[in-house]
Amino acid sequence: IMRLIVDLQGWKRRLVYVLLFEGLAIMCTSTGLSILARSDLGHAGIMGLTCSAVAVIWTWIFNSLFERWESRQVIRGRSAMRRLAHALGFEGVLLIVFVSLFAWWFSISLWEAFLMDAVLFVFFLGFTYLFNWAFDTVFGLPESAV
């Protein structure tokens, strides 16, 4: 597949990644929360934006740490297992943070919030994996994986 943009590296790569990922994530999260919480899109959209803000900060931190770890690995490239570890680590932390936010914002129990977030977690686990694959296909692998 022909790359649309020459290899993108460092902070520029992370910035493009965050903007693209979160733009799509806000749309998906707002719609999903609206359906799951039986809430209007405006109310759910505010939580979608909040989730995005939290996720942007976490994305920047997590990807920096992941790439630092990755650069020290003997085996290069991004195997399916490495991509899965990336997606699980990233989404696992967000799962913990968002349960309390959902319970408070939508006035639901922690259990209901957990179930709501579990649905989003499963969706975003696949979304994160596929997004990273597509991103690497379009922009090339980061230096840490080459």
Side-chain angles (χ1 to χ4, degrees), residues 3-5 7-73 75 77-145:
R3 289 197 171 90
L4 299 175
I5 297 179
D7 288 334
L8 192 60
Q9 299 298 328
W11 70 268
K12 291 177 185 176
R13 178 186 177 82
R14 284 190 285 280
L15 180 62
V16 170
Y17 177 98
V18 167
L19 292 174
L20 289 173
F21 187 96
E22 291 307 318
L24 293 169
I26 289 169
M27 291 186 288
C28 294
T29 301
S30 298
T31 302
L33 289 174
S34 177
I35 293 167
L36 293 170
R38 296 183 181 109
S39 177
D40 66 83
L41 189 56
H43 187 71
I46 292 169
M47 183 49 63
L49 287 170
T50 301
C51 290
S52 178
V54 169
V56 164
I57 294 166
W58 178 233
T59 297
W60 197 274
I61 293 168
F62 183 80
N63 284 337
S64 295
L65 294 172
F66 187 85
E67 288 176 13
R68 187 177 310 150
W69 169 83
E70 184 177 52
S71 70
R72 294 190 308 263
Q73 302 309 301
I75 298 172
R78 290 200 172 161
S79 65
M81 288 305 293
R82 190 167 289 178
R83 289 181 190 281
L84 182 60
H86 181 276
L88 284 170
F90 178 79
E91 294 298 333
V93 170
L94 293 181
L95 178 73
I96 294 166
V97 171
F98 292 154
V99 168
S100 58
L101 286 174
F102 293 167
W104 168 74
W105 186 250
F106 295 113
S107 299
I108 58 177
S109 71
L110 287 172
W111 177 247
E112 290 170 306
F114 173 78
L115 293 176
M116 181 185 296
D117 199 33
V119 169
L120 292 175
F121 171 77
V122 170
F123 171 79
F124 274 104
L125 186 60
F127 177 84
T128 301
Y129 181 92
L130 292 173
F131 181 87
N132 280 300
W133 172 80
F135 189 87
D136 289 345
T137 299
V138 173
F139 296 104
L141 290 174
E143 290 174 354
S144 63

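Values below: all heavy atoms of this structure, side chains included; hydrogens, waters and symmetry mates excluded. What you see is a predicted model, and the numbers here were worked out from it, not measured in a lab. Along the sequence shown, the residues carry numbers beginning at 1.
When every heavy atom of C51 is checked against every heavy atom of F98, the shortest pair comes out as O-CZ, 3.5 Å. Residue A118 comes nearest to L95 through the heavy atom pair N-CD1, 4.2 Å, listed as atom of the first residue, atom of the second, then distance. In plain terms, the two heavy atoms of E91 and T128 that are nearest each other are OE2-OG1, 2.9 Å. Nearest heavy-atom pair across L33 and M47 is CD1-CG, 3.7 Å. The minimum heavy-atom distance linking S34 with L41 is given by the pair OG-N, 3.7 Å. Counting all heavy atoms, side chain and backbone alike, F121 lies closest to G92 at CE1-N, 4.0 Å.
Taking CG of N132 as the start and CZ of R78 as the end, the distance is 6.5 Å to the nearest 0.5 Å. From I26, atom CD1 reaches atom OG1 of T50 across 10.0 Å, with rounding to the nearest 0.5 Å. Taking CZ of F106 as the start and CZ of R38 as the end, the distance is 12.5 Å to the nearest 0.5 Å. The distance from atom CD of E70 to atom CG of N63, rounded to the nearest 0.5 Å, is 9.5 Å. One distance of note links CG of L101 with CG of L94; it measures 10.5 Å at 0.5 Å rounding. One finds the CG atom of L84 at 4.5 Å from the CG atom of L88 (value rounded to the nearest 0.5 Å).
The environment of CH2 in W69 is crowded: more than 12 heavy-atom neighbours from other residues, nucleotides or ligands sit within 6.0 Å.
Looking at W60, its side chain never comes within 3.5 Å of a backbone N or O of W11 through a donor-acceptor pair. Between the side chain of R82 and the main chain of G77, a donor-acceptor pair closer than 3.5 Å is present. Within the 3.5 Å criterion, the main-chain N or O of G48 finds no donor-acceptor partner in the side chain of S52. Here the side chain of T31 pairs no donor or acceptor atom with the backbone of C28 at under 3.5 angstrom. The closest donor-acceptor contact from the side chain of E22 to the backbone of Y17 lies at 3.5 Å or more, if one exists at all.
In this structure A113 satisfies the side chain to side chain contact (heavy atoms under 4.5 Å, CB included) test together with V99, F102, A103, I108, sequence neighbours excluded. A search for side chain to side chain donor-acceptor pair (under 3.5 Å) contacts involving Q73 returns nothing, not counting sequence neighbours.
F135 is listed as a side-chain neighbour of R13, based on a closest heavy-atom distance under 4.5 Å. Counting heavy atoms from C-beta on, the side chains of L49 and I46 never come closer than 4.5 Å.
Aromatic ring orientation, H86 versus F62: perpendicular (interplanar angle above 60°, classes split at 30° and 60°). Aromatic ring pairs are classed by plane angle as parallel below 30°, tilted from 30° to 60° and perpendicular above 60°; the pair F124 and F21 is tilted. Classified by interplanar angle (parallel below 30°, tilted 30° to 60°, perpendicular above 60°), the ring pair F123/F127 is parallel.
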